[in-house]
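Written below as structure tokens is the structure these notes are about.
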Amino acid sequence: MAQKPSIPKGTRDFSPVAVGKRNYIFDIVKKHFRTFGFQPIETPSFENSETLMGKYGDEGDRLIFKILNSGDFISKVDDVTYSSKKSSSLTPKISEKALRYDLTVPFARYVVMHQNEIDFPFKRYQIQPVWRADRPQKGRFREFYQCDADVVGANSLLQEVELVQLYDAVFTDLGLTGTTIKLNNRKILAGIAEVIGAKNNLINFTVALDKLDKIGAEGVKAEMLAKGITETAIEKAAPLFSLKGSNTEQLSILAEFLAASEMGSKGVEELVFIIDAIAALELHSASLAIDVTLARGLNYYTGAIFEVAAPEGVKMGSIGGGGRYDDLTGIFGLKDVSGVGISFGLDRIYLVLEELDLFPKEIDRSLQVLFVNFGEKEALASLGLLTQLRAAGITADIYPSSSKLQKQFKFANNRKVPFVVTIGANELASQNLVVKNMENGEQTTYGFKELDKLIALLLG
RNA sequence: GUGGUUGUAGCUCAGCUGGUUAGAGCGCUAGAUUGUGGUUCUAGAGGUCGCCGGUUCGAAACCGGUCUUCCACCCCA
């Protein structure tokens, strides 16, 4: 053992137990994606750099993992570029591929490339890892999975309503009650900026507003001032900092505030539709809340904006987000295809479920029954019975060597095996097997011919 | 990318202002118990103190660098 091996910053190994828990979440998410009519696709881990670069802003470009070209790539760089030592001009010459940064941009590329084969409206889901050269923190990794569901080619607000229901269905099924689905609309943000006279400073305005719950009203004002938003404009927007009351109350205040803005009024109208529809349909465990400070990545959202907050009391950033983008495929040359989608933050949902102890304990039951090994003859007899159990769909195994019973039972205990079958010389002679319930220690004897009874016990 | 923080046994952590052979609990192995785990008792094995370099008679401890962890920015799931 020369040096202890390690894995790169922000990456993780997953143990059998962890994979079991992750698959539990994946399976529930997939189940609901499918019942809502979404179809799965997959795209490559890496794309051509030009597909990704420039789609996430300067900040995003910095976080994209670039892949070096193959071969003697340095020798192909001209001397001027090489000696300039400027990463921005050198990188494109030595790297033409990059790891996927999210699933939305590759999806847009997919839609454009396959537009003639796709039946629109196209509802797709995609669950794959993405990579970001970010600095890791709790719940933030350099390699993590995204679970996205998007609809392209449908302008109806019914999609937004369904996506809210989809969030609710998944979190309810996971037993994660008390989540808050925060809802806003880019048109409202644009309307506010218009009304207060900061139309040309929309991004700075919303980025600052988005931090309200983090840095408080004073902090937001300070940041807005620093970003060149006038004091009178901030004053006008001030009532929105402390917007309170039910969704409908907030909406009526907003409607009044935005009356002069055509864009803003349209946004209010859209929110009213979604809120009314959800009120009529009712959610199971989540609550839907208007949040005018919600901005998220403004790069491509044009309509509804979603973000899901973990139940109160759990310290965790958002566990999901999404929104509508009217022209995502435009950057790849396909105009007028509207899309709307949501994403589940698997790693964070995992942490939240862990913290609230919401994983079912059957998950780590990776083996339902273990046969104790007494020696060659007994083991061969066990193998015959084992085969029948496996054929009946039961996860069963035999201890590979005739080690001490103490050791074999301890192994069963550590693996959390609920039943252990013992077939020793006595049992072999009488054609019986002894089944031990590891939870309460009770032992029951069955004849070899009564295997159906054992199967019923194990399946029940 | 900026500022800070962390690293000691498989795991969770002690280890004082530098001073012999670096500790505990849990886990692991063996025995008490040659057909029974989860409880108890006894014994044992496990560590180039993240890595590289420096200061010193002497470094786990001090200094520099580097990697890693976590945190605040930035940004975001």
Side-chain angles (χ1 to χ4, degrees), chain A residues 1-12 15 25 29 56-64 87 100-104 127-148 203 207-208 210-211 214-215 219 223 294-299 306-310 315-323 341-352 370-375 378 399 402-428 433-443 445:
Chain A
M1 200 172 76
Q3 215 177 345
K4 278 190 181 172
S6 61
I7 55 174
K9 183 200 293 219
T11 64
R12 296 153 297 162
S15 67
I25 301 174
V29 170
Y56 309 99
D58 293 344
E59 197 61 38
D61 284 358
R62 202 194 81 210
L63 298 176
I64 292 174
S87 302
R100 188 206 287 138
Y101 176 87
D102 72 355
L103 300 179
T104 309
I127 299 180
Q128 290 190 277
V130 303
W131 294 269
R132 295 186 187 177
D134 205 356
R135 221 176 254 205
Q137 280 179 33
K138 187 177 185 180
R140 287 177 78 161
F141 306 96
R142 299 182 108 178
E143 178 185 63
F144 61 97
Y145 275 76
Q146 283 194 335
C147 317
D148 278 22
I203 295 202
V207 166
D210 195 40
K211 295 178 185 166
K214 211 172 190 177
I215 59 178
E223 177 158 339
L294 181 62
R296 295 180 56 77
L298 268 175
N299 302 340
F306 304 108
E307 185 164 293
V308 185
K315 266 185 120 183
M316 185 61 68
S318 65
I319 55 175
I342 58 172
S343 175
F344 289 82
L346 168 85
D347 294 290
R348 289 186 179 177
I349 292 171
Y350 183 103
L351 291 170
V352 171
L370 179 76
F371 281 66
V372 168
N373 188 329
F374 273 86
E378 293 88 343
Y399 199 85
S402 58
S403 308
K404 284 199 195 176
L405 286 196
Q406 198 173 178
K407 189 169 177 169
Q408 299 193 40
F409 271 89
K410 193 161 191 169
F411 176 82
N413 197 53
N414 290 347
R415 279 287 299 272
K416 299 196 165 78
V417 180
F419 295 100
V420 172
V421 171
T422 310
I423 300 172
N426 300 339
E427 286 79 11
L428 196 56
L433 52 85
V434 175
V435 180
K436 176 162 181 171
N437 179 330
M438 292 296 279
E439 219 161 295
N440 57 24
E442 279 172 21
Q443 302 202 146
T445 304

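Atom set for the values below is all heavy atoms of this structure, side chains included, hydrogens, waters and symmetry mates excluded.
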What's the closest nucleotide to the A:Ser318 side chain, out of B:G35, B:A77, B:C75?
B:A77

For A:Glu378, enumerate each residue passing the side-chain hydrogen bond (donor to acceptor under 3.5 Å, both in side chains) test, keeping only those at least two apart in sequence or located in another chain.
none

Hits for salt bridge (charged side-chain N to carboxylate O under 4.0 Å, His left out) against A:Arg62, two or more places apart or cross-chain, chain-then-number order -> A:Glu59

State which residues pass side-chain hydrogen bond (donor to acceptor under 3.5 Å, both in side chains) with A:Glu143; sequence neighbours excluded, sorted by chain then number.
A:Trp131

Between B:C75, B:A72, B:G37, which nucleotide has the shortest distance from any of its atoms to the side chain of A:Lys211?
B:C75

Listed nucleotide nearest any side-chain atom of A:Glu59, set B:A77, B:C75, B:C70:
B:C75

Scan side-chain atoms only and decide if A:Asp148 and A:Ser343 contain a donor-acceptor pair under the 3.5 Å cut-off.
yes

Look for any protein N or O under 3.5 Å of an N or O in nucleotides 28-31 of chain B and output each such pair with its distance, or none.
unit_1 : atom_1 : unit_2   : atom_2 : d
B:G31  : OP1    : A:Lys404 : NZ     : 2.7
B:G31  : OP2    : A:Lys404 : NZ     : 2.3

Side chain of A:Arg62, heavy atoms from C-beta onward: which of B:C76, B:G37, B:C74 has the nearest atom to it?
B:C74

For A:Phe409, the ring pair (Phe, Tyr, Trp, His ring centres under 6.0 Å) test, sequence neighbours excluded, returns none

Side chain A:Asn413 and base B:G37 donor-acceptor under 3.5 Å:
yes

Atom pairs under 3.5 Å, N or O on each side, protein against nucleotides 43-45 of chain B: can you list them with distances?
none

Only counting residues at least two apart or in another chain, list the ones meeting salt bridge (charged side-chain N to carboxylate O under 4.0 Å, His left out) with A:Lys9.
none

With sequence neighbours excluded, residues passing ring pair (Phe, Tyr, Trp, His ring centres under 6.0 Å) with A:Tyr399
A:Phe411

Measure distances between side-chain N and O atoms of A:Lys9 and base N and O atoms of B:U68, and say whether any donor-acceptor pair falls under 3.5 Å.
no

If a pair means Watson-Crick or G-U wobble with both distances below 3.5 Å, what does RNA chain B look like in dot-bracket form, with | marking bases paired to a different strand?
((((..(..((((.....[...)))).(((((.......))))).....(((((..]....))))))..))))....

Set of side-chain hydrogen bond (donor to acceptor under 3.5 Å, both in side chains) partners for A:Lys416, sequence neighbours left out:
none

Just checking A:Gly441: base, sugar-phosphate only, or nothing, at a heavy-atom cut-off of under 4.0 Å?
base

Contacts of A:Thr445 meeting side-chain hydrogen bond (donor to acceptor under 3.5 Å, both in side chains) (sequence neighbours excluded), chain-then-number -> none

Would you mind telling me which of B:U36, B:A77, B:G35 lies closest to the side-chain atoms of A:Asn426?
B:G35

Look at all strands and tell whether A:Thr422 reaches a base, only sugar-phosphate, or nothing, counting heavy atoms closer than 4.0 Å.
base

What N/O pairs connect the protein and nucleotides 3-9 of chain B at under 3.5 Å? Give each pair on its own line.
unit_1 : atom_1 : unit_2   : atom_2 : d
B:G3   : O6     : A:Arg135 : NH1    : 3.2

Among B:A72, B:C76, B:U69, the one nearest any side-chain atom of A:Gln137 is B:A72

May I ask you to say what A:Gly375 touches in the nucleic acid, namely base, sugar-phosphate or nothing, with a heavy-atom cut-off under 4.0 Å?
nothing

Is there a donor and acceptor pair, one atom on the side chain of A:Glu378 and one on the base of B:G35, closer than 3.5 Å?
no

Base, sugar-phosphate or nothing for A:Glu439? Non-hydrogen atoms, less than 4.0 Å.
base

